[in-house]
Amino acid sequence: MIKQKIITDIINIFKQLDYRYKEPVIVEIPNNVEHGDYASNVAMLNAKSNKLKPIELAEQLAENLNKKRDYKSVEVAGPGFLNFRLSNPLYHQVLQYIHEQGTNYGASDYGQKKKVLLEFVSANPTGPLNVVSARAAAYGDSLYRIMNFTGFEPFREFYVNDAGNQVDILAESIELRYRELHGERIIEFPPEAYHGEYVRDLAIKLSVSEGAKLFHISDKDRLERMKNFALDEIHLMQVESLRRFDVDFDNWMSEKKLRQEGILEEALSYLAEAKCTYESEDAVWFCSSKYGDVKDRVLIKSDGNPTYLVPDIAYHITKYQRGFDIIIDVLGPDHHAHVLKLKAAIRALNYDVNKLEVIYLQQINIFDQGEKVKMSKRAGKIVTMDDLIKEVGRDAARYFFLDRKPSAHLNFDLELATKQSSENPVYYIQYAYARICSILKKAKKEKISLRNFDTGLLKKLNKNDEFRIIKHLMTYPDILIQAAEHREPHRLATYILELAGMFHKYYSKYKVIEDKYPELSKSRLYLIHAIKQVLASSLHLMGISAPEKM
RNA sequence: GCCCCCGUAGCUCAGUAGGAUAGAGCAACGGUUUCCUAAACCGUGGGUCACACGUUCAAGUCGUGUCGGGGGCGCCA
């Protein structure tokens, strides 16, 4: 709010002086406190177009800004920066504002109600969710919450690949284990089959309910039966894992259903209409190289089956047809080759390719006691999402996944995540929250209430440490907008760690409740209450709990 | 060969939409508790922002190239 006010003030003076200016006008908090509370480079950026030297323009602006009483001072510095120092009452107003807004503080209409489709996790329903899915879940869900809070209208979707080759292999894997259970000796378990323990568990479950009955129906029917059974079971497993992680979806889009609706044929006919397909070597090809791909791709294999590209194109057509303004795909790092083909199709069909944003989450290495944990999907040796949550807890898992920007590789240190000390940022932050709660509890016991708080007392807050905290609190809405705009929830993690640090320092330096100074105590309670609010808000947006005591 | 990501303190990483003297945590060393939770705080040291060139009043940030690390490139999904 303060930042916006400064921007508005600057623009008004430009208009008043009849000078030109470029949008956006940039105001930021300088990292050097000697450069004031806020600084702007407008004079440097707009000097040329007004045929002035940067310093001259800056001085004229400063002169007019200084006529306002809100600023303690506006100075020209360096090559033409404007340095703003806020008056104390302005700080105190911010604090009041935070209290008035309550849990809504930080919310904005920045997103202008744009409809956003957020597709994430979308793991194959052929096994338990792994740590990569866990990262995607933490990332996608947090981004959803942040976008929701900043005025977008996001929609969470999980695409279930419950059709196609992989699923057939799953059915065959179950079949083999099922036979094994009924006494047949399986000499060789094929390498492409699913080897995980859960496959055997599913076969056992099926055996318990059906016995040997399934041998009496046709092979085709039996496989179909096993497929559907396994898909349902694994889907439920995944939903449960996600729920334990406090991640939910608005829609689970089934590939099978899309296929049943004939949407694959539709997609193919659209591509044919756009004259983008041709036949060669018994296959149907898509001339994707005309639309930015490195080479053409097969749509229908020579055996008559569609490649995975077709349902994917079809699925994305539905994304466009459903009228989203922004379409975000959160993918693993191994998909960028795939995205070239997909984008080619979108161009060929004349949809706006700029609406589609692909976020690549980079890979994860799990470290245990300093050793990298080796994972092999084929051998079924993976660290599952459930394992991880069991090991380190939901809060730590979510924090560590959000702490890194999506494009960075992530090293997950199991030891660190479970440590209960200052080395572990999750505890550091939660402890700050718990400490505040504890102080507020004490205040309640001593019958100090913030109800009917006289804001005139806020002038008691005059320490630099206090102003610094308020300054940090007032950037919260900006941080959220940036996190939403850049699709980078980790900015929030960085922010909150800093806020927690500020509080811990403040706590050890000053006493909040001092019996001798009731007015000061009240003012400080008012301050830490605002910190508590922002901590609670940002923890919630990251999907991390805020414990009242630890 | 082609494509994607990364390269900032001993380690793990931030660094806002290009701004002024590059930050935090951990590790190391030294200190702090009759007091609202020591899961905390204070102090000290530590850097050619991989390298080169370019764009600009201004580059860790943008562009091109080089080097180094990781991942991906089937009529598999």
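Chain letters run A, B, ... following the sequence lines, proteins first, then strands; residues in each count from 1.
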Name the pairs: protein N/O against N/O of nucleotides 29-31 of chain B, kept only if under 3.5 Å.
none

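- Only the C1' atoms considered, B:G18 is 35 Å distant from B:C73, to the nearest whole Å.
- Here A:A432 lies out of heavy-atom contact (under 4.0 Å) with every strand.
- Between the side chains of A:S288 and A:D293, a donor-acceptor pair is found at a separation under 3.5 Å.
- Proximity of the aromatic rings of A:Y495 and A:Y476 is defined here by a centroid distance below 6.0 angstrom, and this criterion is met.
- At the heavy-atom level, A:N83 lies under 4.0 Å from base atoms of the strands shown.
- Spacing between B:G15 and B:U32 at atom P, rounded to whole Å, works out to 37 Å.
- Set against B:U21, B:A17, B:C41, the side chain of A:E34 has B:U21 as its closest nucleotide.
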Output one line per pair: protein atom, nucleotide atom from nucleotides 57-64 of chain B, and distance, for all N/O pairs under 3.5 Å.
{"unit_1": "B:C57", "atom_1": "OP1", "unit_2": "A:K48", "atom_2": "NZ", "d": "3.1"}

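- Here A:H35 packs flat against the base of B:A20; its ring centre is closer than 5.5 angstrom to the base's six-membered ring, tilted by less than 30 degrees.
- In this structure, A:Y428 does not pack face-to-face on the six-membered ring of B:A39, missing the 5.5 Å centre cutoff or the 30° plane limit.
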Would you give a per-nucleotide map of nucleotides 68-77 of chain B, 5' to 3', where B means the base has a protein non-hydrogen atom under 4.0 Å away, S means only the sugar-phosphate does, and - means neither?
-> --SBS--BBB
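- Residue contacts for A:A39: at a heavy-atom cut-off of 4.0 Å it reaches a base atom on one of the strands shown.
- For the C1' atoms, the distance from B:A59 to B:G54 is 11 Å, rounded to whole Å.
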Within the sub-3.5 Å range, which N or O atoms of nucleotides 32-36 of chain B have a protein N or O partner, and how far apart are they?
{"unit_1": "B:C35", "atom_1": "O2'", "unit_2": "A:K511", "atom_2": "NZ", "d": "3.2"}
{"unit_1": "B:C36", "atom_1": "O4'", "unit_2": "A:K442", "atom_2": "NZ", "d": "3.3"}
{"unit_1": "B:C36", "atom_1": "O2", "unit_2": "A:I513", "atom_2": "N", "d": "3.4"}
{"unit_1": "B:C36", "atom_1": "N3", "unit_2": "A:V512", "atom_2": "N", "d": "3.0"}
{"unit_1": "B:C36", "atom_1": "N4", "unit_2": "A:Y507", "atom_2": "O", "d": "3.0"}
{"unit_1": "B:C36", "atom_1": "N4", "unit_2": "A:Y510", "atom_2": "O", "d": "2.6"}

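- The list of side chain to side chain donor-acceptor pair (under 3.5 Å) pairs with a residue in residues 41-62 of chain A, not counting sequence neighbours, reads A:Y19-A:Q60.
- For an aromatic pair to be called close, the ring centres must be under 6.0 Å apart, and A:F189 with A:H195 satisfies this.
- Counted by atom type alone, A:Y506 and A:R524 present one or more donor-acceptor pairs between their side chains at under 3.5 Å.
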Map every base of RNA chain B to its dot-bracket character, where paired means a Watson-Crick or G-U wobble contact with both distances under 3.5 Å and | marks a partner outside the strand.
-> (((((((..((((.....[...)))).(((((.......))))).....(((((..]....))))))))))))....
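- Side-chain atoms of A:Q166 and A:N161 include no donor-acceptor pair closer than 3.5 Å.
- Contacts of A:P30 with the nucleic acid, taken as non-hydrogen atoms under 4.0 Å apart, are absent.
- Checking each of A:I6, A:L45, A:T8, A:I11 against A:V25 for a side chain to side chain contact (heavy atoms under 4.5 Å, CB included) leaves exactly one that passes, namely A:I11.
- Two residues, A:S407 and A:N32, neighbour RNA chain B, and the one matched to the more 5' nucleotide by heavy-atom proximity is A:S407.
- Looking at A:S545, its side chain never comes within 3.5 Å of a backbone N or O of A:P547 through a donor-acceptor pair.
- With B:C41, B:A14, B:A39 as the choices, the nucleotide that has an atom nearest any side-chain atom of A:K405 turns out to be B:A14.
- Taking atom C1' on both nucleotides, B:A40 is separated from B:C6 by 35 Å, rounded to a whole Å.
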